[in-house]
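The structure under discussion appears below in the form of structure tokens.
Heavy-atom basis, side chains included; hydrogens, waters and symmetry copies ignored.
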Amino acid sequence: YRIRAAAELYKAGRVKAIIVSGDNSRKDYDEPSQMKADLVELGVDEEYITCDYAGFRTLDSIIRAEKVFGQKNIIVISQRFHCERAVFLAQKKGYEAYGYVAKDVQGCHGAKVRLREILARCKAVMDLIIDKQPKYLGEQVVVQIKP
């Protein structure tokens with residue numbers, strides 16, 4: 001649902017670039033490349049999709065958005081539970097951040113994710129208190145923005 005929502009925003013001209021952020025810690029697991037391929041299949045121009053291969057946690061993705069990708073104004077596209085936490089983290093870090101809520105995950109998987117979110121929110125607050133930093137930063141990457 002998040003990928004479809006991102007493609008809809010792009011096609012409507014509401015976003016001019018997309019950073020797909022996720023885990024790529026193993027050779028057999030590459031979330032950003034799969035998200036990029038899915039977006040391209042939905043009609044998003046490949047040149048305006050940038051992969052963040054070190055988005056291991058929401059906090060990492062938020063901080064890397066500015067420090068690696070030069071973006072301090074962001075729209076988080078995810079389900080409501082995740083948008084709320086990500087926007088909270090971004091705003092506490094001084095970014096201009098908004099959430100775009102995609103359709104929620106239903107059924108057993110949805111209940112599991114919402115339960116996990118309780119712990120994730122506690123951890124997010126602790127991360128802010130101790131000023132937790134991303135596992136990896138790396139060199140700056142230029143995000144191609146559609147004119």
Side-chain angles (χ1 to χ4, degrees), residues 1-25 29-106 109-138 140-146:
Y1 299 126
R2 293 178 285 183
I3 297 299
R4 279 191 226 125
E8 289 169 9
L9 282 178
Y10 176 82
K11 289 178 184 177
R14 306 302 290 172
V15 296
K16 296 179 188 269
I18 299 172
I19 299 171
V20 288
S21 184
D23 191 348
N24 181 39
S25 60
Y29 192 69
D30 182 354
E31 289 178 323
S33 292
Q34 184 61 58
M35 288 187 275
K36 182 175 182 175
D38 292 344
L39 284 166
V40 169
E41 190 174 302
L42 291 172
V44 176
D45 298 317
E46 185 173 2
E47 65 190 297
Y48 303 118
I49 305 168
T50 304
C51 290
D52 174 7
Y53 296 105
F56 304 115
R57 305 169 356 128
T58 301
L59 180 68
D60 291 16
S61 298
I62 295 297
I63 293 173
R64 286 174 54 80
E66 181 201 8
K67 296 200 184 272
V68 174
F69 300 100
Q71 306 302 307
K72 203 166 180 172
N73 300 327
I74 59 175
I75 300 172
V76 176
I77 303 168
S78 193
Q79 280 74 28
R80 178 172 304 283
F81 68 87
H82 188 237
C83 275
E84 290 170 350
R85 177 166 42 97
V87 169
F88 168 78
L89 285 168
Q91 289 177 343
K92 291 298 180 186
K93 289 290 183 183
Y95 306 161
E96 184 175 341
Y98 302 93
Y100 184 81
V101 177
K103 184 177 175 183
D104 207 358
V105 179
Q106 300 298 315
H109 184 67
K112 179 181 169 184
V113 191
R114 285 187 291 283
L115 183 60
R116 178 187 168 276
E117 184 62 18
I118 294 168
L119 298 174
R121 287 179 183 208
C122 294
K123 188 171 183 175
V125 171
M126 289 303 300
D127 286 344
L128 290 172
I129 291 170
I130 65 170
D131 195 28
K132 179 82 172 165
Q133 294 300 306
K135 186 172 182 176
Y136 299 108
L137 276 179
Q140 292 230 318
V141 174
V142 175
V143 173
Q144 294 297 326
I145 299 175
K146 187 175 183 178

Under 3.5 Å donor-acceptor, Asp45 side chain and Glu47 backbone: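 No, Asp45 side chain to Glu47 backbone: no donor-acceptor pair under 3.5 Å.
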N/O donor-acceptor pair under 3.5 Å between Glu46 side chain and Val40 backbone: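 Checking the backbone N and O of Val40 against the side chain of Glu46, no donor-acceptor pair under 3.5 Å is found.
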Sub-4.5 Å side-chain heavy-atom contact between [X] and [Y]:
X: His82; Y: Thr58; result: yes
X: Val101; Y: Gln79; result: no
X: Val113; Y: Glu117; result: no
X: Phe88; Y: Leu128; result: yes
X: Glu66; Y: Tyr95; result: yes
X: Asp52; Y: Val68; result: no
X: Ile49; Y: Val20; result: yes
X: Glu84; Y: Arg121; result: yes

State plainly whether the residues [X] and [Y] are in salt-bridge range, i.e. N to O under 4.0 Å.
X: Asp131; Y: Lys93; answer: yes
X: Arg57; Y: Asp127; answer: yes
X: Lys72; Y: Glu96; answer: no

Search all heavy atoms of [X] against all heavy atoms of [Y] and return the closest pair with its distance.
X: Cys83; Y: Ile77; answer: SG-C, 4.4 Å
X: Val15; Y: Ala6; answer: CG2-O, 4.5 Å
X: Ile63; Y: Pro134; answer: CG2-CG, 3.6 Å
X: Gly43; Y: Lys11; answer: CA-CE, 4.1 Å
X: Ala17; Y: Val143; answer: CB-CG1, 3.7 Å
X: Cys51; Y: Lys36; answer: SG-CD, 3.8 Å

Atom pair [atom1] ([X]) and [atom2] ([Y]), whose distance is rounded to the nearest 0.5 Å:
X: Lys146; Y: Ile18; atom1: NZ; atom2: CD1; answer: 10.0 Å
X: Arg64; Y: Gln71; atom1: CZ; atom2: CD; answer: 13.0 Å
X: Ile62; Y: Lys92; atom1: CD1; atom2: NZ; answer: 14.0 Å
X: Asp104; Y: Phe81; atom1: CG; atom2: CZ; answer: 6.5 Å
X: Tyr98; Y: Ile75; atom1: OH; atom2: CD1; answer: 9.0 Å
X: Tyr100; Y: Arg80; atom1: OH; atom2: CZ; answer: 12.0 Å

Derivation of the side chain to side chain contact (heavy atoms under 4.5 Å, CB included) call for Tyr53 and Ser33: CA-CA 8 Å; Tyr53 296 105; Ser33 292; 3.5 Å; yes
Cation-pi, Phe56 ring and Lys135 (6.0 angstrom, 45 degrees):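 Output yes; distance and angle both within limits.
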Evaluation steps, side chain to side chain contact (heavy atoms under 4.5 Å, CB included), between Thr50 and Phe69: CA-CA 9 Å; Thr50 304; Phe69 300 100; 3.6 Å; yes
Full working for side chain to side chain contact (heavy atoms under 4.5 Å, CB included) between Gln34 and Asp30: CA-CA 7 Å; Gln34 184 61 58; Asp30 182 354; over 6 Å; no
Side chain to side chain donor-acceptor pair (under 3.5 Å) assessment of Tyr29 paired with Glu31: CA-CA 6 Å; Tyr29 192 69; Glu31 289 178 323; 2.7 Å; yes
